[in-house]
2 protein chains.
Amino acid sequence: MKREETRERNRRALLDAALRIVARDGHQARLDEIAGQAGLSTGAVYSLFGSKDGLLTALAADYLGPQYDEIERAVPAGLDLVAAVEAFARYYRRKCDDPDALRGLSLQASMLDTAARDPDLGSRLAASVRAHEERLVALFTGRPHNGNMVTPQQAQRLATALRALFAGLSQGVLAGLAPGADEQYFAEAARALVSGASLLDQHAAPLPSGRRLTRRPTRRPPA
Amino acid sequence: MKREETRERNRRALLDAALRIVARDGHQARLDEIAGQAGLSTGAVYSLFGSKDGLLTALAADYLGPQYDEIERAVPAGLDLVAAVEAFARYYRRKCDDPDALRGLSLQASMLDTAARDPDLGSRLAASVRAHEERLVALFTGRPHNGNMVTPQQAQRLATALRALFAGLSQGVLAGLAPGADEQYFAEAARALVSGASLLDQHAAPLPSGRRLTRRPTRRPPA
DNA sequence: ATAACCTCGTTACTATAGTAATATGATTAT
DNA sequence: ATAATCATATTACTATAGTAACGAGGTTAT
């Protein structure tokens, strides 16, 4: 079975070359440069991955694992739910400061576009993401919160909302739509989702006629 | 001043043609078809908008207005904050069911990519979005909540988080990452941000040793 | 063992975004 | 009024993604 073997070798060679070049150029990486570094011609990409998007999708799926490794390191076991969610939030916000976060955003955008336009690649991508998301669910499941333990169902609901919130906020920060969204803001927004604290608690103002809040503000972290 | 006049006329002609064709083909719309329908050649696009992305960005900026008109219609005055936020959430979720929501997602992705790659277009886009976002802030400012009125600062914080959350959730729904995120879920997630309710309230399970929740669940809408 | 076949990568081609040089016609200065 | 200049669209070209026909060499059936 030498045929299958060379196929696999070529596949790997393309993915490895693509990783290097995509890390540098994002989704604008040129196919002939990738194929050249893999010792192949651009046609091989179409034979093995169907399209440039197919190659990038496979690459993305390959690198979701390390991505979630990093998240798990950022959210240590032993924290209760609120603390874990805050740690997650701060991790996400810090990643926006990474010098090549913009390239990451561009890649993410092209993945989104691929998913929107190519149902096949889209569902393959979605499957990878969902598979890895189980790790996120596991990361929250069982943590104490309000005297209870987080159930897998709760963790699932939470993971969906948190990923959405952070994805949206990161996009906002990087695209310049949300200039004020600092680490503190990420943490407060995330905490609002899980705890009884609202995003608004810290900035309330009385009605003109002046009855005070019924809810007292949660702890005000140091400015 | 006939020069400026024809320039403006050509600009409009390109935008009008682009609107038709982009509505059909998304960001894959072909430049020569757009230019052809405008009675111009593709070079005119580069002369007037600098690039295809420039044309699409201008188009997007043009159509943010109607977008926000629709939002304002979906969130009537007179609702308190929680109800307004829920209405907003449900509007956003319903838009995911639109038959050409996927084309919208693809366009949104390409705008994101443009913002990530071209600082100039990115900041122009961000400026348009922020300008229109003031309407969103105004939409929430002054509504009653917990016996107070929402301040502009609170509304700003809220608008940032809501847009991020809905953008992320919509992307998730359309890309197949968040299959369970129905209208109800959108509404609950949004409510969690503003009110004391947590996303987890409805799905709590007791600890093995069994102390109950300290917080009682908020109203459970009919299934 | 040999012939038919199938898989996969290459080569040559097409389509489209973008660039550079050019031409045309408006604006401005003399 | 006429010439110089500038702005803007066109034309011809380049670069790159994608397609289709082809061919080499591994695979399978007799």
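Below, chain A is the first sequence line, B the second, and so on; all start at residue 1.
Under a 4.0 Å N-O distance rule, the pair A:Arg94/A:Asp98 does not qualify as a salt bridge. Taking 4.0 Å as the cut-off between side-chain N and carboxylate O, A:Asp16 and A:Arg12 count as a salt-bridged pair. Looking at B:Glu188 and A:Arg157, a side-chain N of the basic residue comes within less than 4.0 Å of a carboxylate O on the acidic one, giving a salt bridge. Here A:Arg124 pairs with A:Asp120 in a salt bridge; the nearest charged N to carboxylate O distance falls below 4.0 Å.
When the C1' atom of C:dT28 is taken as reference, atom NZ of B:Lys2 falls 17 Å away, rounded to whole Å. Atom-to-atom, CZ of B:Phe49 to P of D:dT8 comes out at 13 Å; the value is rounded to the nearest Å. Regarding B:Glu8, its CD atom lies at a distance of 17 Å from the P atom of D:dA7, rounded to whole Å. Residue B:Glu5 contributes atom CD, which lies 14 Å from atom C1' of C:dG25 at whole-angstrom precision.
For the 3.5 Å distance criterion, the side chains of B:Arg117 and A:His27 qualify, holding a donor opposite an acceptor.
Between the base of C:dC8 and the side chain of A:Arg3 there is no donor-acceptor pair shorter than 3.5 Å.
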Quick tally for nucleotides 9-18 of chain C: nucleotides whose base has a protein heavy atom under 4.0 Å get B, sugar-phosphate-only ones S, the rest -, giving BBB----SSB

side-chain hydrogen bond (donor to acceptor under 3.5 Å, both in side chains), that's the test. Do B:Asp113 and A:Ser106 meet it? Break it down for me. CA-CA 5 Å; B:Asp113 183 49; A:Ser106 167; 2.5 Å; yes

